[in-house]
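Below is one structure, written out as structure tokens; comments come after it.
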Protein chains: 4
Amino acid sequence: MTRPLRADAARNRRLLLAAAADEFAERGLDASVADIARRAGVGKGTVFRHFATKDDLLAAIVLDRIDALNAAGERLLEAADPGAALLEFLTVAAHQRQQRDLSFLQEAGELTEEVTKVRAQMFHTVHRLVDRAREHGAVRADVTGADVILLMCAPNYVTSYVPGASPDLWQRYLAIIFDGLRPEGAHPLPHPPPLTP
Amino acid sequence: MTRPLRADAARNRRLLLAAAADEFAERGLDASVADIARRAGVGKGTVFRHFATKDDLLAAIVLDRIDALNAAGERLLEAADPGAALLEFLTVAAHQRQQRDLSFLQEAGELTEEVTKVRAQMFHTVHRLVDRAREHGAVRADVTGADVILLMCAPNYVTSYVPGASPDLWQRYLAIIFDGLRPEGAHPLPHPPPLTP
Amino acid sequence: MTRPLRADAARNRRLLLAAAADEFAERGLDASVADIARRAGVGKGTVFRHFATKDDLLAAIVLDRIDALNAAGERLLEAADPGAALLEFLTVAAHQRQQRDLSFLQEAGELTEEVTKVRAQMFHTVHRLVDRAREHGAVRADVTGADVILLMCAPNYVTSYVPGASPDLWQRYLAIIFDGLRPEGAHPLPHPPPLTP
Amino acid sequence: MTRPLRADAARNRRLLLAAAADEFAERGLDASVADIARRAGVGKGTVFRHFATKDDLLAAIVLDRIDALNAAGERLLEAADPGAALLEFLTVAAHQRQQRDLSFLQEAGELTEEVTKVRAQMFHTVHRLVDRAREHGAVRADVTGADVILLMCAPNYVTSYVPGASPDLWQRYLAIIFDGLRPEGAHPLPHPPPLTP
DNA sequence: AATGAATGAGAGTTCATTCAT
DNA sequence: GATGAATGAACTCTCATTCAT
């Protein structure tokens, strides 16, 4: 379908994705295309040759991230201890997110069909990880895959409020939240889970 | 110090604050002053008569919110059951935040001295609420006020990802997170708490 | 024709003219009406009650100045020494202008019919002062009233370039220019005088 | 250091400088960037691509003018007749200024370091021209370079008051003022010269 | 394929002027 | 008569996007 890029074009594409991820992480969605191009060491026009709009560039970054998560998820579905596997998945996700904060991805709306697709795939993986963990008694009975999907980004989110925080601070809040997901000492939940995502 | 506004001016100020809160909630910090003015049904110039800069407008909104929280916090410091009081405080905070999502407040940096002051006050109140709850065995020993401050906004944050969600969905995640704060079934935390905020 | 102002209105008018002259002198034509009102200690609306537009306010100031000049001119037409009288007139004009720089008046275009009228009157006075001086051999034969009118503001203009200059520096340049108007050592002029003003 | 502009960019830069000089001459410093762009036949954004701020644009124009003056000044320092050289310099300066009135340059404050530098250079040149002329008895003993710098712009200034004047009218007033600088018939000056500029 | 010059819509902000109080 | 709140046009400047080179 898509023919392979010329070697230099492929290289530029890679440079651009990296530069854009860095810029977006530092400046948020307001990072300018000009700055991204400069950081990548290419002309502004080249950005638009590779990504028709700024949003497309964003979508490509998000796609990369979710793809990586999906790979980790698939692997962990095979793990021996389902509870540990789920915690490991959340750890991988938070670690990845810590590398470069892309929390604004949510603001970016629907982005692309392709992003929607891999995101759905990722959601499916999480659901299966959670189902397995629940069956093994590692998470409480009243918690669903959708719950975990939503809570997944919370550790990074809450630590983003602390200016000079240790880069590993998210581990603390992932632990607290994961404790909240365990069966021990669980109180009944006052509201049913959402159907989606 | 500041004499009372004329009736119509006071009304416009109120309209503006409401319109701005709505716009900011919907569009984030990038909401334009022009749109806010249109939504409030006033001219663009009127916005700047009431709030010298866009940031001042933002600060005024944030100030209102934190003030309300402070009032609730002071009241709950007198409550009989410290554990219930802390949960109630978090419930009030999340409920308020659900009304209009102002999660972007964090992006807005220091805003005003006044905001910094009432925020510090709020932080202090939370610390005291948490201390009381911990002493009564309502929250685990290794959790601090700073932890709660950071986790406070998480319930709203995670539910903001669900497009057509029930407006009360946050209650579910507050419950899960609060379960994570309880002493029962607590696992040791892998990272020390932050010093600030 | 114009009925007398109420006492307080007259007072406000005077305050406004003074405040406006000061502001214009300090900030140039870009001085804001709001600042003028504040300086005069009245509301912004009051400015427009007295002067329909900002330009009208400017015209009123200019009118005052030219009126004062006219009075001086009329008086000096009676003086015994026509050469000294002309120099005295130019000294008065420059001194007045030094008090508050209104050089921008020229930028302000035609202003008002009334200004045009008193300005014409002033021009006429200068012509007569020059004619008398020329007849007495105090100024060179090839110099006209129009020439003097044009050169009249030059001393203030050139000193306005010196930031912290002595307020009397204009006297030096008036002296030099006046020496250029004298018959002694005059070289023929390369261009005929203008017809107006 | 700065590599040459692309052909079309260089052309636009030239068009912009010309259009800006015209607009500034006609409307003063308040000329709008939009009008300048329209006059140059380019988009508004193009102005800011070439000149980061409106002030930079102004500085570029001023720089051009002063550079040209400096060239003339250097050349005239070599001239045989120092008195004629000074008069010629003032003639060149006034002629240049007549082309497009940039008297507002003074209002523009310090502009750029670079402007400050070439201006200082120009001042130095004038001082030397005046010193030579004074030594040759072509100008009076009590006149300094600073005096001439200040008086330099007066001929254009005074003629700017005459609406439909001959474009060469300034020659008349330069002649009168220069006569005032000559030793013949000089009266003592009532005020010492300024130290700067 | 890559560049960066050009574009113009739109941002925040100012201010002369109008008008309800 | 006096006030200052409201207005909206105009300002400088930014930036995603297009297109000639």
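Heavy-atom basis, side chains included; hydrogens, waters and symmetry copies ignored. So that the names make sense, note that chain A is the first sequence line, chain B the second, and so on, each numbered from 1. Computed from a predicted structure; not experimentally measured.
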Legend entry - Lys/Arg-Asp/Glu bridge criterion (N-O < 4.0 Å) met for Glu26(D), Arg39(D): yes

Legend entry - Among Leu17(A), Leu58(A), Ile61(A), side chain to side chain contact (heavy atoms under 4.5 Å, CB included) partner for Phe51(A): Leu17(A)

Inset, instruction - Ignoring backbone atoms, establish whether His50(C) has a side-chain N or O less than 4.0 Å from OP1 or OP2 of dG1(F). - result: no

Legend entry - Expected output: side-chain Thr112(B) to main-chain Glu114(B) donor-acceptor under 3.5 Å: no

Inset, instruction - Mind calculating the distance between CG (Leu58(D)) and P (dC13(F)) to the nearest angstrom? - result: 12 Å

Inset, instruction - Looking at every strand, decide which applies to Val42(C) at a 4.0 Å heavy-atom threshold: base, sugar-phosphate, or nothing. - result: sugar-phosphate

Inset, instruction - Please answer whether the main-chain N or O of Ser32(C) pairs with a side-chain N or O of Lys54(C) as donor and acceptor at a distance below 3.5 Å. - result: no

Inset, instruction - Write down the distance between CZ (Phe51(A)) and P (dA2(E)), rounded to a whole number of angstrom. - result: 12 Å

Legend entry - Distance, rounded to the nearest Å, where Ile36(A) contributes CD1 and dA16(F) contributes P: 8 Å

Legend entry - With sequence neighbours excluded, residues passing salt bridge (charged side-chain N to carboxylate O under 4.0 Å, His left out) with Arg38(A): Asp35(A)

Legend entry - Contact letters for nucleotides 15-21 of chain E, in which S counts primed atoms plus P, OP1 and OP2 and B counts the base, heavy atoms under 4.0 Å: -SBB---

Legend entry - Pairing annotation in dot-bracket form, given for DNA chain F with Watson-Crick or G-U pairs under 3.5 Å and | for cross-strand partners: .||||||||||||||||||||

Legend entry - Comparing Arg49(A) and Thr46(D) on DNA chain E - which has the more 5′ nearest nucleotide: Arg49(A)

Inset, instruction - Check side-chain contact (heavy atoms from CB on, under 4.5 Å) between Asp30(D) and all other residues, then give those that pass, not counting sequence neighbours. - result: Asp30(C)

Inset, instruction - Round to a whole Å and report the spacing from CZ of Arg13(D) to P of dG4(E). - result: 18 Å

Inset, instruction - Tell me, please, which residues at least two apart from Asp8(B) pass side-chain hydrogen bond (donor to acceptor under 3.5 Å, both in side chains). - result: Arg6(B)

Legend entry - Any donor-acceptor pair under 3.5 Å from Gln96(A) side chain to Arg65(A) backbone: yes

Legend entry - Distance in angstrom units between Leu15(C) CG and dG1(F) P, rounded: 17 Å

Inset, instruction - Can you tell me the distance, in whole Å, between the CG atom of Asp35(B) and the C1' atom of dG8(F)? - result: 16 Å

Legend entry - Interatomic distance where CZ belongs to Arg38(D) and P belongs to dA6(E) [whole Å]: 18 Å

Inset, instruction - Mind checking salt bridge (charged side-chain N to carboxylate O under 4.0 Å, His left out) for Arg11(D) and listing every partner two or more places apart, or none if nothing turns up? - result: none

Legend entry - N or O in side chain of Asn12(A) less than 4.0 angstrom from dA1(E) OP1/OP2: no

